[in-house]
Amino acid sequence: MAARGSSCLRRLAGGQRSFIVGFGRFLGNPRVTAEALIEGWGAQAAQACAGLHVLAVQDTSEICFATHAQNRRGLGEIGRGGGRGVLLHAMLALDADTGGVLGLAAGKIWTRRGRVETPHATRPLSEKEALRWVETAEEAKEALADAAMVTEISDREGDFYAKWGRLPGKNLHILTRAMQDRLITEGGGRLSSAPLHLAGRLEADIQAHPDPDGKGGRTGRKGQKELPARKAQLEVRFGQVSLKRPGRTLEKDLPQTVAVSLVEVREVDAPEASEPVLWRLLTTHAVKDAAMAFQIIAWYRMRWTIEQFFRTLKQQGLQLEDSQVESAERLIKLTAVAARAACIIMQLVQARDGNTGQNAALSFTQDEIKTMRALVPELEGKTALQKNPHRPESLAWAAWVIAKLGGWDGYPKSRPPGPITFKHGLQYFKALAHGARLRDV
């Protein structure tokens with residue numbers, strides 16, 4: 001999949017019917033399970049995470065497959081409207097120092113089997129989809145066992161009290177954006193009234209986005225009102241608080257309070273038509289000074305990497321949602337394989353600047369690296385600007401080779417290669433590497 005930049009079985013088979021049948025039998029084999037495929041993610045990531053502070057970013061994406069009333073392919077409802085598909089919950093391991101993608105640590109893939117009639121508030125966590133946030137982190141512990149430290153990161157959907165009460169450990173921290181203005185023990189108040197210290201200010205670029213009130217003053221490409229891009233001035237404050245256990249929680253084994261640090265990011269002097277930025281970041285890391293408060297914000301902003309991962313899996317790269325595989329069971333397995341392929345493409349995109357320091361062996365076999373060594377002299381030009389500038393056999397060195405094969409001209413002033421360029425380069429390179437393996441046959 002990574003080589004051909006596609007999840008289409010016919011493209012993967014290269015026109016050979018025996019391969020198409022073989023891929024179909026693999027996905028249909030009951031001994032091939034999604035759980036085993038996902039377990040393989042962590043096995044591949046474990047070595048890369050050793051000795052590092054790992055940011056374990058988790059989130060859920062809906063993958064919508066085309067169906068019609070006479071053939072739902074065994075898929076349940078997702079999102080709003082009549083969409084059908086599977087849900088992918090993935091935990092992406094990142095190097096906290098560089099932001100480099102280390103691999104997939106754990107995850108879950110499922111399709112819904114109908115609507116749940118019991119109200120959400122009256123169901124225990126064991127009967128809610130929210131359980132995936134806790135279970136995924138627990139399952140990732142083996143893959144991340146050799147990491148120096150792990151910080152689990154999630155957006156607001158991952159903010160529920162059972163996770164705060166059960167997940168933190170000696171080497172496992174949590175960093176989550178607050179879903180609501182939680183009750184705290186300090187002064188009998190809430191997060192919004194917590195006593196905080198001023199850390200300073202920072203500036204952030206806010207992209208143009210839809211205006212829910214329709215008062216933005218400009219019309220976007222789809223004819224809807226948009227709020228224009230702007231530079232936001234953000235005030236940062238920090239302090240220590242204790243979260244109170246909600247009175248309606250059904251899990252009685254949870255502690256009455258959980259001590260956390262609060263880092264508040266609030267926009268000042270926002271334009272009248274815009275909704276001011278407000279982040280309340282909760283973490284089990286001790287935040288005792290301004291430097292640590294800004295570090296927490298930097299780590300949380302790396303959460304965006306998992307959004308790029310989902311785009312690579314769907315729109316920008318493998319186009320998983322176009323798959324015509326006929327059953328939900330096979331689509332779930334196909335998603336597990338495609339997620340690993342998307343991770344490889346992400347690693348190459350990130351490595352292009354040489355900032356991650358990772359080795360090519362993270363994504364390529366020794367035979368493939370040998371093929372790259374043979375290709376480098378052919379791809380390099382005569383001037384210094386046309387040479388591969390990276391350490392031989394580093395992932396950045398390999399990314400330079402793949403990008404050149406994908407059509408990038410290699411000049412520093414040119415636009416950097418993106419997922420599509422790497423997809424085309426990988427497709428070409430894998431064909432070359434396959435030919436190299438056949439030379440002595």
Side-chain angles (χ1 to χ4, degrees), residues 1-29 32 37 40-41 43-44 47-48 101 103-104 312-313 316-320 322-325 333-352 358-380 388 390 392-410 417-441:
M1 286 184 184
R4 294 189 176 271
S6 174
S7 58
C8 173
L9 298 190
R10 292 185 180 275
R11 290 183 184 175
L12 299 178
Q16 298 186 51
R17 176 168 172 74
S18 61
F19 283 8
I20 297 174
V21 173
F23 291 155
R25 287 175 176 169
F26 175 79
L27 294 175
N29 191 328
V32 176
L37 292 168
W41 295 354
Q44 291 171 316
Q47 186 175 357
V101 175
L104 286 160
T312 301
L313 182 66
Q316 287 186 349
L318 299 175
Q319 298 176 317
L320 178 61
D322 293 341
S323 175
Q324 297 299 309
V325 173
K333 296 176 188 178
L334 186 70
T335 300
V337 178
R340 173 62 184 143
C343 187
I344 293 172
I345 295 173
M346 284 283 296
Q347 287 170 332
L348 287 172
V349 173
Q350 284 195 331
R352 66 190 180 194
Q358 296 166 326
N359 293 323
L362 185 67
S363 300
F364 298 96
T365 67
Q366 287 304 312
D367 283 343
E368 289 172 336
I369 293 171
K370 185 177 179 180
T371 302
M372 288 183 187
R373 287 200 301 266
L375 285 170
V376 168
E378 181 179 323
L379 296 172
E380 289 183 329
N388 189 330
H390 305 291
E393 300 192 18
S394 66
L395 191 58
W397 172 84
W400 184 92
V401 173
I402 300 301
K404 288 281 286 185
L405 293 174
W408 179 54
D409 64 14
I420 302 301
T421 299
F422 280 110
K423 180 180 76 170
H424 294 319
L426 272 170
Q427 181 175 356
Y428 187 18
F429 171 73
K430 291 289 185 175
L432 293 173
H434 181 64
R437 288 197 301 272
L438 294 176
R439 71 188 182 276
D440 295 326
V441 175

Next item on the list: Measure the shortest side-chain to side-chain distance between Leu9 and Val325 over non-hydrogen atoms and say whether it is less than 4.5 angstrom.
Entry: yes
Margin query: Ignoring hydrogens, what is the shortest heavy-atom contact between Ala339 and Leu104? Give both atom names and the distance.
Written below: O-CD1, 3.5 Å
Next item on the list: Answer yes or no: is there a side-chain heavy-atom contact under 4.5 Å between Val349 and Thr312?
Entry: no
Checklist line | Heavy-atom pair of closest approach, residues Gln358 and Val101 | finding: NE2-O, 3.0 Å
Margin query: So, using salt bridge (Lys or Arg N to Asp or Glu O under 4.0 Å) as the criterion, who are the partners of Lys333 when residues are at least two apart?
Written below: Glu329
Check: What's the shortest heavy-atom distance between Leu395 and Ala351, and which atoms?
Finding: CG-CB, 3.6 Å
Margin query: Taking the basic N atoms (NZ, or NE/NH1/NH2) and the acidic carboxylate oxygens, is any pair closer than 4.0 Å for Glu368 and Lys430?
Written below: yes
Next item on the list: Heavy atoms only: give me the nearest Ile402-Met372 pair and the separation to one decimal.
Entry: CD1-CE, 4.1 Å
Notebook entry, point to check: Do Thr371 and Phe364 touch side chain to side chain, with heavy atoms closer than 4.5 Å?
Noted result: no
Notebook entry, point to check: Taking the side chain from Arg25 and the backbone from Gly22, do they hold a donor-acceptor pair closer than 3.5 Å?
Noted result: no
Check: Between Ala336 and Trp41, which heavy-atom pair has the shortest distance, and what is it?
Finding: O-NE1, 3.1 Å
Notebook entry, point to check: Taking atom CG of Leu334 and atom CZ of Phe23, what is their separation to the nearest 0.5 Å?
Noted result: 10.5 Å
Margin query: Run the side chain to side chain donor-acceptor pair (under 3.5 Å) test against Asp367 and tell me which residues pass, sequence neighbours left out.
Written below: none
Next item on the list: May I ask you to decide if Leu318's main-chain N or O and Ser7's side chain share a donor-acceptor pair within less than 3.5 Å?
Entry: yes
Next item on the list: Start with the C-alpha gap between Val401 and Leu379, add the side-chain angles, then the distance that decides, and say whether side chain to side chain contact (heavy atoms under 4.5 Å, CB included) holds.
Entry: CA-CA 7 Å; Val401 173; Leu379 296 172; 3.8 Å; yes
Checklist line | Distance, nearest 0.5 Å, that separates CZ of Arg340 from CD1 of Ile345 | finding: 11.0 Å
Notebook entry, point to check: Looking only at heavy atoms, which two atoms of Gln366 and Ala361 are closest? And how far apart?
Noted result: NE2-CB, 4.2 Å
Check: With side chains defined as the heavy atoms from C-beta onward, is the minimum distance between Asp322 and Cys8 less than 4.5 Å?
Finding: no
Margin query: Which residues pass the side chain to side chain donor-acceptor pair (under 3.5 Å) test with Arg373, not counting sequence neighbours?
Written below: Glu393
Notebook entry, point to check: Gln347 side chain to Ser363 main-chain N or O, any donor-acceptor pair under 3.5 Å?
Noted result: no
